[in-house]
Number of protein chains: 2
Amino acid sequence: MQIRTEIGRADTRRVRADDARVVSDVLRRGIDRGEHTGSLDERDLSAEFGVSRNVVRDALSILAAEGLIDRAPRVGTHVVRRKAEHGLDALRGLKETLVSHGDVRNEVRVATLLRPPAAVARRLRLETGVEAVYIERIRLLNDEPVSLDLTYLVPDLGIPLIAHDIENNDVFALLEQISGQRLHSAQQSVEAANADPHSAANLDVPPGTAILLLERLTSLGPHARPVDLEYIRMRSDRISLHATAFRDTIRSGD
Amino acid sequence: MQIRTEIGRADTRRVRADDARVVSDVLRRGIDRGEHTGSLDERDLSAEFGVSRNVVRDALSILAAEGLIDRAPRVGTHVVRRKAEHGLDALRGLKETLVSHGDVRNEVRVATLLRPPAAVARRLRLETGVEAVYIERIRLLNDEPVSLDLTYLVPDLGIPLIAHDIENNDVFALLEQISGQRLHSAQQSVEAANADPHSAANLDVPPGTAILLLERLTSLGPHARPVDLEYIRMRSDRISLHATAFRDTIRSGD
């Protein structure tokens, strides 16, 4: 074999934790993809990954800490739940996205008109002094909080919007209904952060839990007018994000 | 104003932490976008966001904990650094992506041929018993670790690939060079996780730090053959991910 091994597997710097990381990564995605459900057997995993039982146990500890599996003496190791998938390619509201996973309900904590921060006003192209509608919602999937959404809307659409049933409808659906136009697109940024204690309490996770932060500026109509700026905290143990990338802007070579 | 306030700002359930969250979210993205650089003034921020100095301080504490700003007595509050932006729309290697941010170097920890886990073999369409090339790299931007990448490659491309200079080249560029074909596309999943102690040490962050996990299955050539499956841990204090979503598959309505 014409292999140049920079640092081989026998290298002393390679430790058990390196193998546990590999196993946890492949297994995490296998759980996400629904390839592993129900109980997990340490012996089977040891054979599948070609690693010792100790490495498998370390990997399972990582996934247990992330809330993806439960481990208990006698009962064994079980997959808690498959994550819901939220696409970053297609612009869909959470309710549209999670329709197959269960009942989505919004707990509306704030719905009001206020003077937005200057940075928010600029992105929504609002002149200084113009108020925006601000909505704060905890979004629940089957009565469990999965995201905490802070939403700024342009006032001409936001004011009629909050007169509607925003507990049971996606903002996206209402924006289209009120404007009579289709949404155009959204610019999205994704970051990870440790949940501050108050956000953690709202999402029912321990403080410091890694969560996904999604910023999304959504535009409406043929001229792509920015109308909706959201800051969304998602529980990463309940939702994963998905996107397709293409090497070339036009799918050439097909 | 026709506003229905579900829970107004004066509601007793709204606490200082709620306002701090809003300020931290808008400010975090402002820093990312390069709108805030250098020193941050509490009084200015208090005026800009229309909140008390205490709320500003709480927001700054959140961002300091994320490593985005430095705070010190007398010296004040400073933006540490702007995050590098990695697009999820266009398929680019890290070196291609970060060319404007500085020097990208790969510390190759493993480059070897091994029997991949069954789940990996399936996704790369390798028959049982066929070995894959496995590469483990720490990727450094200006000598600081920004990601830890585990890469599985199909053997016909992976074996010649690791004979090349993989310390200074993106795997993507080498795959195209060796195959004489363009990459086609990639299916990507994004999650957040608390770094396990060993991964944290590799990335030079405290254990438990929230990091981004990106799984990426990349395909090559006109028939989109899957050739490269990667599990990437990214430091969220150094890299943010970006994607554009469209409401309609075809950009109709334009």
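Sequence lines set the chain letters: A, B, ... in the order given, protein chains first and strands last, and positions in each chain run from 1.
- With a 4.5 angstrom heavy-atom cutoff, A:L213 touches chain B only via side-chain atoms.
- In this structure, the portion of B:D32 lying under 4.5 Å from any heavy atom of chain A is its side chain and not its backbone.
- Pairing each heavy atom of B:V22 with each of A:E136, the nearest pair is CG2-OE1, 4.3 Å.
- Heavy-atom distances place no part of A:A201 under 4.5 Å from chain B, backbone and side chain included.
- Using a 4.5 Å cut-off between heavy atoms, A:N202 touches chain B through its side chain atoms alone.
- Between chain B and the options A:E48, A:H36, A:R123, the largest number of non-hydrogen pairs under 4.5 Å is found for A:R123.
- Rounded to the nearest 0.5 angstrom, B:L68 CG and A:E191 CD are separated by 7.5 Å.
- Of the listed residues (A:A17, A:S61, A:P117, A:A186), the one with the most heavy-atom contacts under 4.5 Å to chain B is A:A186.
- There is no contact between A:L229 and chain B, counting heavy-atom distances below 4.5 Å.
- The pair B:R28-A:E215 fails the salt-bridge criterion, with no side-chain N (NZ, NE, NH1 or NH2) lying under 4.0 Å from an Asp/Glu carboxylate O.
- Summarising the geometry of B:L91 relative to A:R247, their closest heavy-atom pair is O-NH1, 2.6 Å, with the distance given to 0.1 Å.
- Between B:D89 atom CG and A:F246 atom CZ the span is 10.5 Å, to the nearest 0.5 Å.
- Across all non-hydrogen atoms, the minimal contact from B:A192 to A:A192 is CB-CB, 3.9 Å.
- Among residue pairs with one or both ends in residues 110-122 of chain A, those qualifying as salt bridge (charged side-chain N to carboxylate O under 4.0 Å, His left out) are A:R122-B:E35; sequence neighbours excluded.
- In this structure, the portion of A:D196 lying under 4.5 Å from any heavy atom of chain B is its side chain and not its backbone.
- For the options A:A193, A:G30, A:P116, A:A224, heavy-atom pairs under 4.5 Å to chain B are most numerous at A:A193.
- In terms of heavy atoms, A:V15 sits closest to B:H198 at CG2-CE1, 3.2 Å.
- Of the two parts of A:E176, only the side chain, counted from C-beta on, holds a non-hydrogen atom closer than 4.5 Å to a non-hydrogen atom of chain B.
- Using a 4.5 Å cut-off between heavy atoms, A:S219 makes no contact with chain B at all.
- Most heavy-atom pairs under 4.5 Å with chain B: of the set A:R216, A:R33, A:Q181, this distinction falls to A:R33.
- Looking at A:L183, the atoms closer than 4.5 Å to chain B (heavy atoms on both sides) sit in the backbone and in the side chain alike.
- When all heavy atoms of B:A119 and A:V26 are compared, the pair lying nearest together is CB-CG1, 3.9 Å.
- Here A:R21 is the residue among A:H86, A:E66, A:R21, A:H242 with the most heavy-atom pairs under 4.5 Å with chain B.
- For a residue to count as touching a neighbouring chain, one of its non-hydrogen atoms must lie under 4.5 Å from one of that chain's; by this rule A:R233 touches chain B with the side chain only.
- Only the side chain of A:E96 comes within less than 4.5 Å of a heavy atom in chain B; its backbone stays farther off.
- The two residues B:L88 and A:A245 come nearest to each other via the heavy atoms O-CB, 3.3 Å.
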